[in-house]
Amino acid sequence: MRRFLLRRLLGAVVTLLIASIVVYLCVYLSPGSPEQVLFGSRPPSPEVQAQVREYLGLDQSPVLRYLTWLGHVLSGDLGTSLITQQPVSSRIADPALVTLSLVAYAAVLIVLLGVGSGLLAALRPGPVDAGVTTLTSVATAVPAFVAAGVLISVFAVQLGWFPAYGQGDGVVGWWHGLTLPAVALAILASGLVSRVTRASARQELASEHVETARMRGISGGRLLRSHVLHNAAPSVVTVIGLQVAGLVAGAVVVEQAFGLNGLGGLLISSVQQKDFPVVQAIALVVVGAFVLLNLLADLVVMALDPRARVVAR
Amino acid sequence: MNDVVLEVEHLVKRYGDGPVVVDDVSFRVRRGRTTALVGESGAGKSTIGGIVTGLQTATSGRVAVCGEDRTRVARSARERRRRGAQLQLVPQDPATTLDRSQRIGDALAEAVALGGTPRTDRLPRVEELATQVGLGPTHLELTPRSLSGGQRQRVAIARALATSPEVIVLDEAVSALDVSVQAQVLNVLNALQRDLGTAYLFITHDLAVVRQVAHDVVVLRHGRVVEHGAVEQVLGDPQDDYTRLLLDSTPRPGWRPVALV
Amino acid sequence: MTVLPFTAARRLTRSRTRRTGLGVSGWAAVVVLVLVAAAAVLAPLIAPYDPNTGDLLHPYATPSADHWLGTDGTGRDVFSRLVYGARTSLLGPAAVVLAALLLGVPLALVSAWRGGRTRIVLGSVLDVMFAIPGLLLAILAVAMFGPGLGAAVIALAIAYLPYVARLATTAAEGERRLPYVQALSVQGHGALRVNVRHVLRNLSPVLVGQASVAFAYALIDLASLSFLGLAVQAPQADWGVLASDKDALLKGHPLGVASASVLIVVTVLSLFVLGSRVSGEDRR
Amino acid sequence: MTALLQVDDLTLDLGDTPILRGVSLAVRPGEALGIVGESGSGKSMTLRTVARLLPDSARTGGAVRVGDRDVLGLRGRELREHRRGLGMVFQDPRSAINPVHTVGAFLVERARDAGQDTAAAREQALTVLRRMGMTDPERRMRQHPFELSGGLLQRVMIASVLMERPRLLLADEPTTALDVTTQADVLALTDELRREMGAALVLVTHDLDLASAVCDRIAVMYGGRVLETAPAATLRDDAVHPYTRALLASRPPLDQRLTEIPVAPGSPVPAAQTGPGCPFVDRCPVALPICGSALPEERLVGASRVRCHRVEEVA
């Protein structure tokens with residue numbers, strides 16, 4: 001167990017390292033340079049330029065710049081934004097909070113809607129199943145920006161229940177502003193989770209060990225909990241992990257649609273400004289969240305299924 | 001000596017640091033004769049089959065077919081084909097022994113083509129093969145899905161015969177069949193051996209089947225040879241306790257199961 | 001950005017290749033896809049107006065005989081823009097899927113055939129790629145190559161490679177273990193022949209089905225990128241661009257956005273249906 | 001004595017596919033009946049019908065009675081009680097036992113579910129496991145199914161059934177997946193325990209010799225029908241139905257090598273591929289034209305109940 005965790009964490013570190021190199025290469029190879037962005041169309045004298053370059057560390061070789069950055073990150077310092085001169089950590093703090101609350105909100109919706117409707121479909125064959133399955137099939141084909149359009153049009157423009165832009169103050173304001181974005185973000189993934197839930201619950205219901213439990217006269221509640229839900233859960237947890245992990249990056253579409261200042265928007269503008277430390281920090285958050293959420297899902301699966309514990313050994 | 005078509009000497013197989021699954025196994029298969037490898041699960045018999053057919057590599061020991069050493073992997077296409085012309089395989093499961101999307105005639109033609117038969121001469125040879133295993137021309141047009149389990153195993157045997165090999169490895173080839181169908185396939189195999197002189201390495205867990213096909217028997221347990229000899233000798237007057245236990249455990253008319261204590 | 005449910009599909013797929021036809025829903029999906037593809041190919045013949053020039057005097061015209069779906073904020077004909085938009089909206093995903101398949105399937109076959117160290121190395125590389133989201137790659141690609149469909153397609157092709165390769169590897173490994181493949185090897189056939197003539201042929205229903213599903217996700221992802229202004233650029237017609245007209249929504253003219261959205265959803269849904277029908281995933 | 005299990009003229013269809021046609025069987029309390037047949041004969045489905053483990057598309061006709069219950073009409077609570085009186089052993093314990101719980105949890109689950117004393121159930125389970133030849137059952141109880149060999153796991157399965165002291169034991173190829181030495185061991189131990197408890201047994205198997213070893217009577221099925229029922233010894237020495245004889249003859253003998261094993265041509269057919277007559281007609285060496293059009297009622301020939309037009313000539 002401990003060895004498995006260590007191995008997985010090591011894998012995560014390697015993945016993050018490789019990701020950061022890829023990101024650095026891309027930023028480095030793309031045309032233009034940070035000081036050009038800073039200076040805009042009226043470049044100052046060459047002496048001033050050189051001073052700025054030295055101040056930003058741009059006079060060093062690219063490899064050295066990367067290694068310097070890496071050393072700082074390893075000591076817990078994400079660096080300073082080239083553009084605003086703020087510490088990167090404080091520059092990304094607010095957007096990260098927005099994105100992560102949005103993703104968390106959407107994750108709750110995905111679990112509730114996806115698992116709930118999937119189980120409903122699995123346990124009520126016939127018209128209920130057909131209705132739910134049709135609905136969730138359509139849901140899997142609705143991209144977040146389409147959902148956002150519909151929600152804005154209906155709940156913001158027509159009904160005026162929720163704001164179409166930004167989020168308000170206080171907890172209620174946050175909740176109010178994040179509801180439509182979270183729903184838009186959750187629809188497609190809920191559909192997928194629902195379908196996987198239905199399929200794996202059905203598979204367990206038809207399995208021989210459930211027949212055994214039936215033959216032994218095990219009561220309905222225990223049969224469902226201990227033999228159907230427990231056994232179907234690993235596949236569902238895996239899919240939820242993958243889906244939610246993907247949302248951290250995917251949230252940008254919804255943030256843009258609802259005018260929220262999240263990580264995605266900051267990433268796009270930072271890439272355009274070649275604000276390398278900020279780009280790197282966001283990439284680390286996005287990739288790290290993906291790796292950690294999947295690890296978390298794997299740990300839950302291991303808790304549920306003894307066979308997974310052995311494979312991990 | 002040159003009637004030995006398959007020779008296995010001091011074969012050892014070990015997976016990584018794991019347990020030794022084949023431990024110093026030696027035996028021979030003579031031209032036109034059948035040697036049976038018999039044992040329960042974990043005896044190592046299928047691993048031996050895998051090594052003999054070149055699908056797996058041995059940790060140590062030697063495998064020779066028709067006097068040629070097979071310990072290393074075939075490098076060239078020519079070498080692969082020559083080996084195919086010496087030794088062939090009939091796998092166990094009738095459901096997956098054939099390519100599900102290939103018609104029977106095409107599967108056999110593909111095998112015949114390996115021997116360098118010109119395109120025009122292939123069809124007669126394919127039909128001949130089908131006849132040898134008791135199938136008709138109509139079967140050649142079908143895909144495996146339309147055939148019964150016994151018919152599929154017959155096709156697998158015909159496919160193995162296509163290169164006119166000296167020896168065929170049959171890995172539990174009749175184990176998944178119904179009794180009556182199993183008997184038919186055993187009859188086909190015995191008739192073919194009489195007509196063509198093909199040698200068999202017959203891997204099975206069923207002693208009754210062994211009695212019907214084998215001339216020599218190698219009894220394996222946990223990767224080791226516990227008894228080795230002529231079939232009449234080993235099954236008629238077993239010297240090893242384990243062989244005796246296997247015999248006593250095999251159902252037959254009037255049989256009673258006995259607990260192991 | 002969507003995460004493809006390949007892992008889930010893999011767990012649940014009992015890949016049966018019994019071809020009992022497409023069924024009603026399958027054929028409905030085919031009809032939709034043929035219509036959309038025909039619109040893309042024959043756009044100049046079908047579209048009544050130039051998609052990019054508008055009549056500035058008549059913004060947000062309501063549907064009429066002249067303009068079936070009305071006009072947008074700059075008076076351009078919405079229907080014509082949808083028809084032309086099918087071109088970029090379909091071409092992009094096609095390129096993504098093709099590239100991912102052309103790279104991913106050979107990798108999968110080699111990995112399944114060689115096994116051992118080859119498989120572990122390839123698997124680890126794919127695992128790392130898997131963790132870098134397509135969107136991040138796309139944004140970086142835009143930084144390197146400038147905004148446009150090309151950059152987005154390259155980024156997504158790289159992002160989709162691990163999904164396609166992982167799925168194909170699992171399927172190929174399953175096939176490789178089948179006794180007939182072993183029998184063919186023993187028979188003396190070369191690895192290339194066995195893989196191409198037998199393994200690949202038997203995998204093709206699963207691969208085609210998954211390609212169809214991947215096409216759908218690539219369509220969503222590219223439209224999302226266009227929505228963000230990172231792929232297809234604003235004046236050009238594209239379903240994602242059309243669906244991102246938030247101005248029209250807020251001004252109470254949802255028809256253009258709605259019709260582009262419906263087209264995307266219907267096309268994606270048809271691809272899903274076709275995919276599961278072809279691969280035999282939904283038959284049990 | 002009245003029968004514990006009585007099957008009368010049972011028919012079963014799955015959707016449009018016929019599976020069983022006119023199956024009649026009876027098992028007295030404490031008696032062991034073997035149902036022997038090749039694939040497609042319907043032997044497993046007969047057993048499943050008794051346990052009412054049928055897919056939703058199943059349609060049944062005729063009657064199945066266990067004790068005084070009409071099994072085919074049971075629903076809800078009554079069905080659960082019916083099943084609780086049976087013990088069912090499947091062929092593959094690895095899929096029949098939930099892989100995610102420990103062996104111990106599986107064995108005491110029924111007691112826990114019924115709100116009974118789990119400690120007592122545990123003791124009971126340990127006793128039966130020991131009787132089933134398991135060493136160190138305490139350790140096994142803490143393990144998960146995947147940590148046990150197939151032989152051990154089937155012992156767990158059988159113990160889970162026997163510890164409830166059922167009146168009727170249903171076993172579907174219980175030892176087919178096991179090695180022969182393990183098979184003999186498990187069969188012998190199960191047989192002993194069953195006799196002690198006085199439970200009746202229906203054993204479904206493809207192996208006539210195996211069925212003869214532990215069963216009092218044997219029913220031979222083919223193409224969804226029972227063709228012959230006879231005491232085990234009678235069947236071995238004086239089988240009447242041509243199919244039974246063909247089946248006996250095609251089993252390769254252990255003591256001599258035959259140049260050619262006598263065997264009927266063709267392969268076994270499921271009920272869906274049979275006509276109104278005898279399902280064996282196409283492969284039968286002594287078939288008459290009438291055999292293809294009608295299957296006669298059961299007739300008593302010696303100690304055998306046989307459905308064949310040629311009984312007089314053959315016997």
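The sequence lines fix the lettering, A, B, ..., with proteins before strands; numbering per chain opens at 1. Atom set for the values below is all heavy atoms of this structure, side chains included, hydrogens, waters and symmetry mates excluded.
Contact count against chain B (heavy-atom pairs under 4.5 Å) is highest for D255(D) among L248(D), L247(D), D191(D), D255(D). Among the candidates T250(B), V258(B), L207(B), V210(B), the residue making the largest number of heavy-atom pairs closer than 4.5 Å to chain D is V258(B). The greatest number of non-hydrogen atom pairs below 4.5 Å with chain D, out of S148(B), P257(B), G149(B), is found for P257(B). With chain B as partner, the option from P265(D), P253(D), P268(D) having the largest number of non-hydrogen pairs under 4.5 angstrom is P253(D). Of the listed residues (G39(B), A183(B), G150(B)), the greatest number of heavy-atom pairs within a distance under 4.5 Å of chain D belongs to A183(B).
For D248(B), no part lies under 4.5 angstrom from a heavy atom of chain D. With a threshold of 4.5 angstrom between heavy atoms, V263(D) approaches chain B through side-chain atoms but not through N, CA, C or O. If you measure heavy-atom distances from R236(D) to chain B, the contacts under 4.5 Å come from the side chain alone. For a residue to count as touching a neighbouring chain, one of its non-hydrogen atoms must lie under 4.5 Å from one of that chain's; by this rule A246(D) does not touch chain B. With a threshold of 4.5 angstrom between heavy atoms, D237(D) does not approach chain B through any atom at all. Proximity to chain B involves both the backbone and the side chain of E260(D), based on heavy atoms less than 4.5 angstrom apart. With a threshold of 4.5 angstrom between heavy atoms, S149(D) does not approach chain B through any atom at all.
When atom types are taken as modelled, the side chain of Q212(B) and the backbone of Q256(D) share a donor-acceptor pair closer than 3.5 angstrom. Of the possible polar contacts, one joining the Q184(B) side chain to the G266(D) backbone as a donor-acceptor pair under 3.5 Å is found.
When every heavy atom of D179(D) is checked against every heavy atom of E40(B), the shortest pair comes out as CB-OE2, 3.0 Å. Heavy-atom minimum distance, L247(B) versus L254(D): CD2-CD2, 3.9 Å. The minimum heavy-atom distance between W255(B) and L210(D), with the atom names listed, is CZ3-CA, 4.1 Å.
For residues 173-181 of chain B, heavy-atom neighbours of chain D at less than 4.5 Å comprise D178(B), V179(B), S180(B), V181(B), sorted by residue number. Contacts between residues 212-234 of chain D and chain B, counted as heavy-atom pairs separated by less than 4.5 Å, involve S212(D), A213(D), V214(D). Residues of residues 214-237 of chain B that come closer than 4.5 Å to chain D, counting heavy atoms only, are A214(B), H215(B), ordered by residue number.
To the nearest 0.5 angstrom, L187(D) atom CG is 10.5 Å from S249(B) atom OG. The distance from atom CG of L260(B) to atom CG of L189(D), rounded to the nearest 0.5 Å, is 8.0 Å.
Annotation: side chain to side chain contact (heavy atoms under 4.5 Å, CB included) contacts of A95(B) (sequence neighbours excluded): D93(B), R152(B).
By the 4.5 Å heavy-atom criterion applied to side chains, S267(D) and Q151(B) are not counted as neighbours. Counting heavy atoms from C-beta outward, N190(B) and R257(D) have side chains that approach closer than 4.5 Å.
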